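Worth saying up front: this structure is predicted, and the values here are computed from it rather than measured.
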Amino acid sequence: MFGSDIQPGVCYVHAVSDMKDLDYFEDKRLKLELACGKWMNLLSCSWDASIIGMQLCRDLRVDPSGKEATESLRACFGTKSPSTVLKRAATMKKFVTWHYEEFESRGVFVSPFPLTEQDVWAVFLHLRDERVRTSKGFTTPATFLETVRFCKFTVGLQGCDAILQSGRLLGFAAIERREKGPTKQAPILELVHLRRLHEILAIGSDPVDQLGAGAMLVCIYARARWSDLRYVHRVELEKGRNGAMVIYTQEHKTSAVGLRREQYLPLVVPWEGVISGDWISLFTQVYERLGLELHKVPLGPLIPVIEQAIELVADEEDRLSAKEEMEEVQNYASFAGDLSLFGEEAVSKGYVQIESSSESEDTSDSVSSSNDDQERWREADAYQELVPEGETFHKHTKTSRLHRVKDNKSSTECGKKLSENFRELGRVLTFRFPKCLICFPQAEGRFRTREQVVARLDEALKRARH
């Protein structure tokens with residue numbers, strides 16, 4: 001993004017990670033329900049070891065369906081972030097798992113709750129051994145102590161005071177944190193980078209990139225986190241040199257203050273930045289160009305789901321490249337000049353023959369049943385492609401699409417992390433796999449306009465009829 005030249009195409013979608021396409025409040029509700037289920041499972045290890053556990057036990061006797069118990073547990077969490085509640089549950093779950101495995105190896109059963117200082121000291125020593133072996137987990141003991149503090153004030157778990165007042169546990173966590181060393185921070189954001197964002201907003205070739213650059217500038221000037229813009233109530237514009245864009249949001253890093261005051265917290269963005277001119281006017285123009293309404297109440301996320309924005313881009317070529325269905329049509333149509341109705345395995349094993357010549361008398365797919373057919377297939381199989389040095393090609397096992405990976409990289413050029421769904425291919429390809437649009441932007445047979453797609457399909461249909 002911060003190179004010397006503005007590159008065409010949508011870059012913003014590679015700079016922002018994928019998120020679930022869920023309504024903001026629906027996402028919070030589902031996370032809270034999941035958190036309640038996890039904590040219910042943990043507290044069931046010993047109902048009488050916590051204040052809320054005994055309450056849940058009484059609720060379950062009255063309502064075996066668990067609705068009343070879940071309501072009580074949800075009330076205990078109050079306005080805490082569902083993500084925080086989930087994180088605390090995950091930490092305590094690891095302790096419970098270790099506790100069961102440790103005592104099971106001794107042939108005895110002991111409940112992990114109430115917490116005891118001796119058990120926590122034993123798990124800390126175990127965590128140190130794991131840290132030495134993996135060079136990870138320097139802050140895990142400190143995180144566990146934070147979870148114990150959460151359990152004390154939220155669910156009333158017994159034994160927490162002994163843990164939080166233990167000198168050796170507190171000292172051990174501090175020593176482990178010190179062993180981590182200085183934090184490896186990201187490179188500092190410099191003025192040239194800020195001016196670059198202003199440049200993309202002003203003259204960027206793609207409106208989605210312009211929208212993304214504008215949103216990043218909003219966060220920088222408002223001194224806000226990206227998550228602060230996930231649900232905006234309303235936006236007010238005070239135009240003029242001394243004006244500002246005021247964003248009212250309840251979801252903020254200091255949202256608890258806003259809840260106590262019963263008001264939304266404002267994010268104030270100055271009308272003028274490090275460049276001359278009002279950049280906020282440019283941002284609002286891009287916002288409207290993409291069909292978005294800045295003055296809608298409630299506004300919701302400042303930047304909507306990116307696929308919805310791509311649908312509204314006026315450039316026809318960008319709309320086509322954003323469609324995965326069009327990518328499938330394009331790649332398979334470019335293979336042998338026609339569309340195959342059979343799978344890759346059937347073609348590669350010679351069960352199906354694809355004639356690529358437009359002058360052939362019969363260009364439809366046919367089953368190879370004779371030696372002549374097999375010979376013609378071997379001639380058609382003469383396609384070869386060499387993998388360039390410094391790169392490897394990986395095929396996605398579900399889509400059969402080809403992706404490019406640079407050496408010593410753990411993700412593809414299009415940003416997908418390598419996993420068990422990817423299979424590395426050899427250095428010489430003898431099959432023309434469909435290729436990822438982003439990994440192979442200059443691939444042969446690439447369709448750039450709707451007219452090219454229609455013309456290729458018409459041509460294939462004519463050959464099939466004759």
Side-chain angles (χ1 to χ4, degrees), residues 31-32 34-60 66 69-70 72-74 76-78 80-181:
K31 284 184 178 179
L32 187 56
L34 178 61
C36 289
K38 289 182 177 294
W39 275 106
M40 190 87 71
N41 186 42
L42 288 170
L43 297 174
S44 66
C45 296
S46 179
W47 293 113
D48 57 355
S50 62
I51 297 176
I52 186 60
M54 292 184 287
Q55 178 62 51
L56 296 177
C57 190
R58 290 192 293 269
D59 291 341
L60 289 172
T70 302
S72 296
L73 193 56
R74 186 184 293 113
C76 288
F77 295 145
K80 289 181 172 59
S81 168
S83 298
T84 300
V85 180
L86 278 173
K87 183 170 66 174
R88 302 304 183 205
T91 300
M92 189 56 68
K93 177 65 175 179
K94 291 179 181 178
F95 168 76
V96 171
T97 301
W98 171 87
H99 193 278
Y100 278 136
E101 292 176 352
E102 176 69 16
F103 283 89
E104 185 180 8
S105 64
R106 304 178 190 176
V108 295
F109 173 79
V110 179
S111 174
F113 302 134
L115 294 174
T116 65
E117 198 266 356
Q118 184 62 38
D119 287 346
V120 176
W121 175 251
V123 77
F124 274 19
L125 297 178
H126 167 73
L127 291 174
R128 184 176 61 184
D129 295 338
E130 288 294 309
R131 189 263 300 168
V132 172
R133 183 177 61 85
T134 63
S135 298
K136 298 178 180 179
F138 292 92
T139 59
T140 303
T143 302
F144 181 80
L145 292 180
E146 292 174 1
T147 301
V148 173
R149 188 173 292 105
F150 172 89
C151 292
K152 174 185 176 180
F153 294 104
T154 305
V155 298
L157 186 63
Q158 298 176 10
C160 292
D161 287 332
I163 307 301
L164 298 177
Q165 296 173 6
S166 171
R168 64 173 179 174
L169 293 181
L170 296 175
F172 186 95
I175 293 173
E176 286 294 288
R177 184 188 292 273
R178 183 193 63 187
E179 292 297 321
K180 180 183 179 182

- Query: More than 12 non-hydrogen atoms from neighbouring residues, nucleotides or ligands closer than 6.0 Å to CZ on Arg74, yes or no?
  - Reply: yes
- Query: Can you name the ring pair (Phe, Tyr, Trp, His ring centres under 6.0 Å) partners of Phe109, sequence neighbours left out?
  - Reply: Tyr100
- Task: State which residues pass side-chain contact (heavy atoms from CB on, under 4.5 Å) with Arg168; sequence neighbours excluded, sorted by chain then number.
- Result: Glu117, Gln118, Trp121, Ser166
- How many angstroms lie between atom OG of Ser135 and atom NZ of Lys180, to the nearest 0.5 angstrom? 13.0 Å
- Check the pair Lys93 / Thr97 against side chain to side chain contact (heavy atoms under 4.5 Å, CB included), numbers first and verdict last. CA-CA 6 Å; Lys93 177 65 175 179; Thr97 301; 4.0 Å; yes
- Look only at the side chain of Thr116 and the backbone of Asp119, and say whether a donor-acceptor pair between them is shorter than 3.5 Å. yes
- Message: Tell me the closest heavy-atom pair linking Arg88 and Thr147, and the distance in Å.
- Response: O-CG2, 3.5 Å
- Item | Backbone N/O of Gly137 and side chain of Glu176: donor-acceptor pair under 3.5 Å | no
- Message: Could you measure the distance from the CG atom of Leu170 to the CD1 atom of Ile163? Nearest 0.5 Å is fine.
- Response: 10.0 Å
- Message: Between Phe113 and Leu115, is there a side-chain heavy-atom distance shorter than 4.5 Å?
- Response: yes
- Note on the structure: Rounding to 0.5 Å, atoms OG1 (Thr154) and CD1 (Ile51) come to a distance of 11.5 Å
- Close side-chain approach of Arg149 and Phe153, heavy atoms under 4.5 Å: yes
- For Lys31, the salt bridge (charged side-chain N to carboxylate O under 4.0 Å, His left out) test, sequence neighbours excluded, returns Asp27
- Determine the minimum heavy-atom distance between Leu157 and Ala49, stating which atoms define it. CD1-O, 3.6 Å
- Message: So, taking the atom named OG1 in Thr70 and the one named CG in Leu32, what distance separates them when rounded to the nearest 0.5 Å?
- Response: 9.5 Å
Got a list of side-chain donor-acceptor pairs under 3.5 Å for residues 37-45, not counting sequence neighbours?
unit_1	atom_1	unit_2	atom_2	d
Trp39	NE1	Val85	O	3.2
Ser44	OG	Asn41	O	2.6

- Query: Quick one: does Phe77's side chain get under 4.5 Å of Cys36's, heavy atoms only?
  - Reply: yes
- Task: Identify the two heavy atoms, one from Leu56 and one from Ser72, that lie closest to each other, and give their separation to 0.1 Å.
- Result: CD2-CB, 4.2 Å
- Query: Which is it for Thr140 and Glu130 under the side chain to side chain contact (heavy atoms under 4.5 Å, CB included) test, yes or no, and what are the steps along the way?
  - Reply: CA-CA 11 Å; Thr140 303; Glu130 288 294 309; over 6 Å; no
- What salt bridge (Lys or Arg N to Asp or Glu O under 4.0 Å) pairs are there with at least one residue in residues 154-163, not counting sequence neighbours? Lys152-Asp161
- Item | Min side-chain heavy-atom separation Phe95-Thr91 under 4.5 Å | no
- If you measure from CE on Met54 to CG on Asp59, what distance do you get to the nearest 0.5 Å? 12.5 Å
- Message: Please determine whether side chain to side chain contact (heavy atoms under 4.5 Å, CB included) holds for the pair Arg131 and Phe138, giving the CA-CA distance in whole Å, both sets of side-chain angles, and the decisive distance to 0.1 Å.
- Response: CA-CA 7 Å; Arg131 189 263 300 168; Phe138 292 92; 3.3 Å; yes
- Task: For residues Pro141 and Phe124, report the shortest heavy-atom separation together with the two atoms involved.
- Result: O-CZ, 3.7 Å
- Task: Indicate yes or no: at least one non-hydrogen side-chain atom of Val110 is less than 4.5 angstrom from one of His99.
- Result: yes
- Item | Leu145 versus Leu164, closest heavy-atom pair with distance | O-CD2, 3.7 Å
- Task: For the pair Lys80 and Phe150, evaluate side chain to side chain contact (heavy atoms under 4.5 Å, CB included) and give the outcome as yes or no after the intermediate values.
- Result: CA-CA 11 Å; Lys80 289 181 172 59; Phe150 172 89; 3.5 Å; yes
- So salt bridge (Lys or Arg N to Asp or Glu O under 4.0 Å) across residues 98-115, not counting sequence neighbours, yields Glu102-Arg106
- Item | Contact summary for Pro82 and Ala35, nearest pair of heavy atoms | O-CB, 4.5 Å
